[in-house]
Asks: 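A single structure is presented below for examination.
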Amino acid sequence: MDSLFGVAGDGFVVLAADAQVARSILLYQNDLDKIKELDSHKMMALAGPQADCNLFGEYIQKNMALYELNNDLRLSTKAAANYIRRELATALRKGPYQVNMLMGGVDAGAAALYWLDYLGTLQPVKYGAQGYGAAFTLSLLDRSYRVGMAEADAVELVRSCIAALHKRFLIAQPNFVIKVVDKDGIRVLK
Amino acid sequence: MAASYDRAITVFSPDGHLFQVEYAIEAVKRGSSVVGVRAADMLVVGVERRATAKLQDPRTIRKIVKVDAHLTLAFAGLTADARVLIDKARLEAQSYRLTCEDAPSLEYMARFIARTQQKYTQRGGMRPFGVSCMLAGFGTDGQPQLYQTDPAGTHSAWKANAIGGKSSKNMREFLEKNYPTEGGLDEAAAVKLCIKTLLEVVDSGAKNMEICLIRRDTPVETMSDTDMAAVVAQIEAEAEEAKKASAGSSMETS
């Protein structure tokens with residue numbers, strides 16, 4: 001039921017996630033931040049049951065912090081994405097985490113966005129979407145994404161995806177969290 | 001099952017000593033000195049840096065390390081043993097964060113390290129860590145805290161302390177003499193006291209020491225060689241002054 005969007009440009013990544021927690025016919029919460037900050041320049045939006053999202057997201061977060069302390073070295077976005085994929089693939093044959101993700105980060109000015117699912121799929125993308133929202137918005141992203149587009153235009157593109165959902169999607173998702181990461185770190189947009 | 005008897009190497013001697021633990025404490029004495037000083041709102045940790053070989057990269061020898069975002073650790077003793085202990089502490093800190101959604105307190109981490117060190121004095125097939133640790137960080141109330149652990153597995157909090165090296169006792173006495181009884185220290189005074197104490201054992205001045213400044217909510221700062229040299233020069237000038245003054249007064253009396 002969750003909707004996640006991501007757009008990567010030159011030196012920045014925009015991630016957006018709905019803020020809803022719902023099960024069956026019941027809505028539990030509509031102000032949850034589903035975009036976890038893995039370190040100062042990496043973030044990950046997670047879709048799936050809230051328990052799995054929290055458990056897996058925090059597990060990755062803490063292991064990356066431990067890696068940094070032990071090696072005095074931070075994982076690159078690519079390395080982190082491959083590490084996350086590996087954790088998912090290992091868990092798949094034991095007790096899989098039911099999480100699908102968009103993970104983005106900026107290192108040394110270069111931005112990267114990755115699409116991951118619970119089966120252990122890892123795909124670098126320029127833009128991507130997860131959940132029911134993907135069916136409504138991939139066409140929009142296909143048409144409007146431009147190589148080298150400005151950060152403000154990318155945020156606008158994500159906002160237009162949210163608007164498309166509001167117009168056509170049966171399930172109401174009024175609240176979204178949008179986050180941008182660039183060379184100065186992560187910031188939250190309204 | 002005879003093997004299970006030989007495995008325990010830390011057994012009491014008839015007069016109640018644990019020799020292996022005492023030997024481990026001896027190993028700490030053979031290590032380089034560490035001094036920790038608690039100021040009013042920050043901490044200073046200094047270590048004696050033994051001369052590195054001509055072709056060695058000095059940056060690969062680290063005696064002050066980060067265990068968690070808010071926790072700095074300096075050790076005296078066997079570097080190899082310390083690495084294992086530090087790895088355990090780092091893992092525990094992240095594990096605590098994962099389960100408790102909060103950073104472990106300094107007291108908790110000191111207790112954890114001490115508990116781990118104690119475990120290695122009582123279980124079979126183990127050898128005690130030849131390491132004493134000095135932990136510096138901030139409590140939940142935001143106040144600076146300084147803890148010490150030793151190979152026996154005790155932990156204790158201090159205003160200022162010295163571990164490691166043959167003259168750690170002298171250094172502690174020096175700190176006791178010079179730490180103000182009331183009012184605490186400001187940053188400059190704490191740095192000066194730390195360097196002054198280290199100079200009791202380090203002969204070639206600023207070159208052979210490493211000083212870390214630990215402030216609240218900011219990354220740990222390692223003092224530059226020039227800053228250290230400036231403080232050392234200041235201390236030497238003061239010592240010279242004092243000597244002259246005492247020489248002058250003794251002339252007057254004679």
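By convention in this document, chain letters (A, B, ...) are assigned in the order of the sequence lines, proteins followed by strands, and residues within each chain are numbered from 1.
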Asks: Using only non-hydrogen atoms and a strict under-4.5 angstrom cutoff, which residues of residues 105-119 of chain B touch chain A?
Replies: none
Asks: Is A/N63 in contact with chain B via its backbone, its side chain, both, or neither, using a 4.5 Å heavy-atom distance?
Replies: neither
Asks: Please check: side-chain N/O of A/N71 versus main-chain N/O of A/L73, any donor-acceptor pairing under 3.5 Å?
Replies: no
Asks: Assess, by modelled atom type and distance only, whether the side chains of A/Y127 and A/D142 contain a donor and an acceptor separated by less than 3.5 Å.
Replies: yes
Asks: What residues form a side chain to side chain contact (heavy atoms under 4.5 Å, CB included) with B/D150, not counting sequence neighbours?
Replies: B/S132, B/Q148, B/A152, B/T154
Asks: Give a yes or no on whether a salt bridge exists between A/R146 and A/D153, defined as a side-chain N under 4.0 angstrom from a carboxylate O.
Replies: no
Asks: Please answer whether the main-chain N or O of A/K62 pairs with a side-chain N or O of B/R97 as donor and acceptor at a distance below 3.5 Å.
Replies: no
Asks: If you measure from CZ on A/R187 to CE on A/M43, what distance do you get to the nearest 0.5 Å?
Replies: 9.5 Å
Asks: Taking atom types as modelled and ignoring hydrogens, do the side chains of A/D107 and A/T77 form a donor-acceptor contact shorter than 3.5 angstrom?
Replies: yes
Asks: Look only at the side chain of B/S224 and the backbone of B/D227, and say whether a donor-acceptor pair between them is shorter than 3.5 Å.
Replies: yes
Asks: Would you say the side chains of B/E48 and B/S32 form a donor-acceptor pair under 3.5 Å?
Replies: no
Asks: Chain A heavy atoms under 4.5 Å from B/I86: which part of the residue, side chain, backbone, both or neither?
Replies: neither
Asks: Only pairs under 3.5 Å count here: list side-chain donor-acceptor contacts from residues 161-181 of chain A, not counting sequence neighbours, and write none if there are none.
Replies:
residue : atom : partner : partner atom : Å
A/H166  : NE2  : A/Q173  : O            : 2.8
A/Q173  : OE1  : A/S3    : OG           : 2.8
A/Q173  : NE2  : A/M1    : O            : 2.7
A/N175  : ND2  : A/N30   : O            : 2.7
A/K179  : NZ   : A/D33   : OD2          : 2.7
A/K179  : NZ   : A/I35   : O            : 2.9
A/K179  : NZ   : A/E37   : OE2          : 3.0

Asks: Do any of residues 57-75 of chain B come closer than 4.5 Å to chain A, heavy atom to heavy atom, and if so which ones, in number order?
Replies: B/R62, B/K66, B/V67, B/D68
